Structure formats: C-alpha cells, structure tokens
Amino acid sequence: MEKIVFKTQYFLFSVMSSLIIYQFEPIMLSRGLTQQMGLTILSVAQFIGMFSIFLSRFLISSKKSRDHIIRIGLLIRVVSSMLMLVLPYSETFIVLFLIYQFVATGLDVFFEGTMLDWAVLKQENFGRFRMFGSLGYALSGIFASVIVMISKTTLSLLVFLLLVNVILLFLSYKNPTEIDNRTSKKKYRKKIYFKNYILLIITAFLVTLPNSFGFVLNTHFVNEFSVSAEKAMFYSGIALIIGSCLSEMAGFFSIEWLISKLKLKKVIILGGIFSVFRWCIASQTESLSVFLLTYAFHGVCFSMIYIGTITWIYESEKNVELGEISLLFSSFATVINFLIVTFFSKSLLIIGSKGILTIYSLLSFVILVLIILLVSNRRNNQCT
C-alpha cells in the first residue's frame with residue numbers, strides 16, 4: 001500500500017507541474033492577461049522559483065521532518081489555488097500565482113529528492129516510481145482539454161488545480177515518507193568536484209530545453225502548422241503522451257537495466273546524441289506528424305541524462321546524498337529555465353518558435369561535445 005500511495009503522489013505532483021507549464025497561456029488568458037504579460041509573469045515566476053529551489057536544498061539537508069515540510073508546502077498551495085479561483089481581479093491573481101509557483105517549484109523537487117533518498121534507503125528501483133511522475137506529466141494535457149471541453153471555460157483548470165492539491169495534502173498525512181537526515185547513510189559535504197558542477201550545469205541545460213519550449217508549444221502549433229487554439233491544446237496533449245507517457249515511462253522503467261548493460265558513461269552520451277537528433281528534426285520539419293514524433297526522443301533523453309548524471313556524481317562523491325545531488329541539478333535547471341523564458345519574452349516575436357528550435361539544435365550539439373569531454377576524462381573507475 002505504501003508504494004501505491006507514493007506512486008500516486010508522484011503522479012499527481014507531475015500532473016500539477018505539467019498543467020502550469022503546458023496550459024499556462026489558457027490560464028493567463030482566462031484572467032484577461034495578454035501573451036506578452038503572461039511571459040513576463042512567467043519570467044518573474046522562474047526567477048523567484050530559483051530561490052525556492054535553493055530553500056529546498058537547505059531544508060533537505062536540515063534535521064527537520066521532511067513530511068512536515070511537504071505538508072506545509074501543500075497547505076500553502078491549497079490556499080493560494082483557492083484564492084486564485086475565487087478572486088477575479090487580474091492584479092490579485094498575479095500575486096497569488098507567484099506565491100503558488102514559489103512554493104510549488106521548490107516542493108516538487110523537494111518531494112523528488114526525498115523519494116530518491118527513500119529509494120536508496122529502502123533499496124527500491126527509483127525509476128519504477130519516477131515513471132508514474134512521467135505518466136502524470138503526460139496525461140495532464142488530456143485532463144486539461146477534456147475539462148475545458150466539458151465545462152466550456154478555462155477557469156475549470158483552476159478548480160482542478162485546487163482539487164488535486166487537496167488530495168495531495170490528504171495523502172501526505174495518509175502515507176508519510178518518514179525520511180530525515182537522521183536516517184542518512186552519508187554525511188553532507190559542502191564541496192563537490194568542479195568537473196561535477198560543470199557536468200550538472202550542462203546536462204541540466206540539455207533537459208531543460210524541452211520543458212522551457214512547453215511554454216510556447218501551443219503558439220508553435222498555431223503559427224507553424226496553422227491550427228486553431230483548441231486543436232493546439234489537443235496536439236500539446238498528444239505531444240505529452242508520446243514524450244512523457246510512452247517515451248519517458250519506458251526510459252525510467254528500463255534505465256537501471258540500461259546502465260547495467262552500457263555503463264553510466266555511454267548512457268549519458270547516448271542521451272545527448274538522441275537530444276541532438278530530436279532538435280535537428282524538430283527545427284527542420286514542416287510536418288505536424290513528424291514534429292509530434294520527435295517527442296519520442298524526449299523521455300528517453302531525459303531519463304538517460306538525468307538518472308545517468310546524478311548516479312555518476314553520486315558514485316564519485318562519496319559523502320553527498322542522491323537527493324541533494326538531485327536538488328542541485330534542479331537548482332541549475334531552474335536558473336537555466338528562467339534565462340530561457342526571459343529570452344522567449346524578448347525574442348519570440350522576432351525569431352519565432354522555429355528560430356528557437358534552431359538555436360536549441362546548435363546548443364544541444366555543443367553540450368554533447370562538452371559531455372563527451374567531461375565523462376571521457378574521469379579517472380574514477382566506478383563511473384566508467
């Protein structure tokens with residue numbers, strides 16, 4: 001029963017995270033905010049989210065009960081989502097949305113870091129839990145489009161946001177993780193090798209590219225493939241099913257087996273190669289179907305690069321917890337996401353979403369070269 005509840009929590013946390021990313025534009029428009037204003041708000045949300053991640057890193061290494069921290073965060077999310085629903089004023093909505101995102105950003109990665117440490121402590125296969133997060137991330141688009149079609153209003157997305165947060169709060173009491181640093185097998189060491197920091201930064205950059213593009217995915221469908229806004233939401237849901245449901249679930253389900261067969265170095269490099277292929281095809285194709293199929297690379301790349309990188313560093317850094325490495329990875333990803341979204345707000349109207357995809361192709365190639373250089377020069381035999 002314990003494992004089922006944890007998988008359900010992972011599923012629901014990811015549903016909420018994906019909903020904010022992929023249905024951000026409809027939620028903003030429901031409160032009378034323009035796309036340009038929405039992107040500005042998103043930039044601010046990403047900026048304050050960086051501080052939320054840093055706070056989570058501090059809390060996960062403290063002696064405080066992780067279950068208590070999770071419950072407080074969920075309570076704030078419930079209250080802020082309730083007020084976003086009942087207060088109609090756009091100015092108030094902006095403030096409440098920023099409060100919600102500040103808490104949600106840190107809480108999402110805090111929960112994942114806690115689950116990583118729980119899996120290590122209980123000797124469980126983390127990928128078999130993380131894949132349910134991928135499923136939730138994928139299905140949120142379908143949930144959103146069905147809810148809007150039935151209710152005929154995007155405000156119903158805020159009702160859904162509130163209900164799921166209430167369920168998560170209930171489950172946090174129903175099935176606590178009982179994880180804190182008194183159960184830790186390692187002592188935290190503040191210093192991490194410089195090369196490992198560089199590896200974390202560039203791999204976090206690589207996995208952040210598709211998530212950041214999600215904020216303008218609907219716009220890309222409308223402008224590049226000439227579909228309606230309603231169909232754009234539907235195709236966004238299909239992209240999520242392919243990328244986060246089929247590809248990502250398969251990736252996380254098999255990642256430990258893949259690492260045992262290919263070893264960490266090859267897994268990380270292969271994930272980088274797939275990422276280059278994905279963006280090159282997406283930037284050049286004029287076919288909507290081919291563009292959607294590029295999302296088959298998404299989950300495979302993410303699981304290989306994310307799990308491969310944090311496991312690589314965990315094995316070489318003998319005194320750092322896996323959850324701490326995961327939060328550090330997320331810290332870099334949040335900073336990078338903020339920079340990319342800020343870039344969107346300044347350049348989207350100039351170069352368009354297709355221009356952004358071309359830039360992604362070039363960046364992913366450069367990062368692949370850097371990854372090869374870093375992992376090929378590691379002396380630690382455990383990580384070869």
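Remember, it's a predicted structure, so these values are computed and weren't measured experimentally. Quick note: numbers below take in every heavy atom, side chains included, and nothing from hydrogens, waters or symmetry partners.
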What distance do Ser56 atom OG and Leu107 atom CG have between them, rounded to the nearest 0.5 Å? 7.5 Å
Decide yes or no for Thr92 and Leu83: does some side-chain heavy atom of the first lie under 4.5 Å from some side-chain heavy atom of the second? no
Please name all residues satisfying side-chain hydrogen bond (donor to acceptor under 3.5 Å, both in side chains) with Glu124, sequence neighbours left out, ordered by chain then number. Lys3
Taking the six-membered ring of Tyr295, is NZ or CZ of Arg278 closer than 6.0 Å to its centre and within 45° of its axis? yes
Within one Ile-Leu-Val-Met-Phe-Trp-Tyr cluster: Ile351 and Leu362, side-chain cutoff 4.5 Å: no
For Thr309 and Ile305, indicate whether the former's side chain and the latter's backbone hold a donor-acceptor pair under 3.5 Å. yes
Under 4.5 Å between side-chain heavy atoms, hopping through other hydrophobics if needed: is there a path connecting Ile76 to Phe93? yes
Ignoring hydrogens and geometry, is there a side-chain-to-backbone donor-acceptor pair from Ser330 to Ser326 under 3.5 Å? yes
Leu206 versus Gly272, closest heavy-atom pair with distance: CD2-CA, 3.9 Å
For residues Val95 and Leu98: do they belong to one hydrophobic cluster (side chain heavy atoms under 4.5 Å, members Ile, Leu, Val, Met, Phe, Trp, Tyr)? yes
Validation row: Phe332, Leu328 side chains within 4.5 angstrom (heavy atoms): yes
Does the side chain to side chain contact (heavy atoms under 4.5 Å, CB included) test come out yes or no for Met304 and Ile268, once each step is laid out? CA-CA 6 Å; Met304 285 181 170; Ile268 299 170; over 6 Å; no
State, to 0.1 Å, how close Ile70 and Ser172 come at their nearest heavy-atom pair, and which atoms those are. CG2-CB, 4.4 Å
When rounded to the nearest 0.5 Å, the distance separating CG of Leu55 from CD1 of Ile69 is 8.5 Å
Let's go through Val369 and Phe365 carefully: what are the C-alpha distance in whole Å and the side-chain angles of both, what is the deciding distance for side chain to side chain contact (heavy atoms under 4.5 Å, CB included) to 0.1 Å, and is it a yes or a no? CA-CA 6 Å; Val369 173; Phe365 178 76; 4.2 Å; yes
So, taking the atom named CG in Asn196 and the one named CD1 in Ile201, what distance separates them when rounded to the nearest 0.5 Å? 11.0 Å
Evaluate the side-chain proximity of Ile310 to Thr203: yes if any heavy-atom separation is below 4.5 Å, no if none is. no
Check the angle between the aromatic planes of Phe291 and Phe221 and answer parallel, tilted or perpendicular using the 30° and 60° thresholds. perpendicular
Tell me whether Ser303 contacts the main-chain N or O of Gly299 through its side chain, where contact means a donor paired with an acceptor under 3.5 Å. yes
Indicate yes or no for a side-chain donor-acceptor contact from Ser14 to the backbone of Gly133 under 3.5 Å, with no hydrogens or angles considered. yes
Do you see a donor-acceptor pair shorter than 3.5 Å between the side chains of Ser134 and Tyr10? no
Tell me, with the steps shown, if Phe126 and Leu322 meet side chain to side chain contact (heavy atoms under 4.5 Å, CB included). CA-CA 11 Å; Phe126 173 72; Leu322 197 58; over 6 Å; no
Measure the shortest side-chain to side-chain distance between Tyr100 and Met16 over non-hydrogen atoms and say whether it is less than 4.5 angstrom. yes
Looking only at non-hydrogen atoms, find the nearest pair between Ser80 and Leu96 and report the distance. CB-O, 4.2 Å
Should the pair Arg128 and Phe253 be classed as cation-pi, given the thresholds of under 6.0 Å to the six-membered ring centre and 45° from the axis? yes
If you take the centroid of each ring, where Trp contributes its six-membered ring, are Phe252 and Phe302 closer together than 6.0 Å? yes
Tested for side chain to side chain contact (heavy atoms under 4.5 Å, CB included) against Asn165, the lone hit among Leu163, Leu169, Leu168, Ile167 is Leu168
Check whether any side-chain heavy atom of Phe129 sits under 4.5 Å from a side-chain heavy atom of Trp118, and report yes or no. yes
Can you tell me if Ser17 uses its side chain to pair, donor with acceptor, with the backbone of Phe13 under 3.5 Å? no
Determine, using the 4.5 Å side-chain heavy-atom cutoff (strictly less than), whether Val44 and Leu339 are members of one ILVMFWY cluster. yes
All heavy atoms of Glu224 vs all of Ser353, minimum pair found to be CG-OG, 3.8 Å
I need the full list of salt bridge (charged side-chain N to carboxylate O under 4.0 Å, His left out) pairs touching residues 68-82, with sequence neighbours left out, sorted by first then second residue. Arg77-Asp108
Can Met131 and Phe11 be said to form a side chain to side chain contact (heavy atoms under 4.5 Å, CB included), step by step? CA-CA 9 Å; Met131 61 185 282; Phe11 176 84; over 6 Å; no
Around Lys231, counting heavy atoms of other residues, nucleotides and ligands shown, do more than 12 lie under 6.0 Å from its NZ? no
On a heavy-atom basis, which atom in Gly308 and which in Leu264 lie closest, and how many Å separate them? O-CD2, 3.7 Å
Parallel, tilted or perpendicular: which describes the rings of Tyr360 and Trp279, with under 30° parallel and over 60° perpendicular? perpendicular
In short, Phe329 meets Ala204 closest at the heavy-atom pair CZ-CA, 3.6 Å
Just by modelled atom types, is the Thr358 backbone N or O under 3.5 Å from a matching donor or acceptor in the Ser283 side chain? no
Supply the atom-to-atom distance Thr105 OG1 to Gln101 CD, rounded to the nearest 0.5 angstrom. 4.5 Å
May I ask you to test the Ile340-Leu209 pair for a side-chain heavy-atom distance under 4.5 Å? yes
Treating Ile, Leu, Val, Met, Phe, Trp and Tyr as nodes and any side-chain heavy-atom pair under 4.5 angstrom as an edge, say whether Tyr173 and Ile4 lie in one connected cluster. no
Less than 4.5 Å apart, any side-chain heavy atom of Ile356 and any of His220? no
Ile198 CD1 to Phe194 CZ distance, which is reported to the nearest 0.5 Å: 3.5 Å
Counting distance only, does the side-chain N/O of Ser361 pair as donor-acceptor with the main-chain N or O of Leu357 below 3.5 Å? yes
Considering residues at least two apart in sequence or located in another chain, which fulfil the salt bridge (Lys or Arg N to Asp or Glu O under 4.0 Å) criterion with Glu256? none
For the residue pair Ile255 and Val267, establish whether any side-chain heavy-atom pair is separated by less than 4.5 Å. yes
Within this structure, what is the CG-CG distance for the pair Leu116 and Leu327, rounded to the nearest 0.5 Å? 9.0 Å
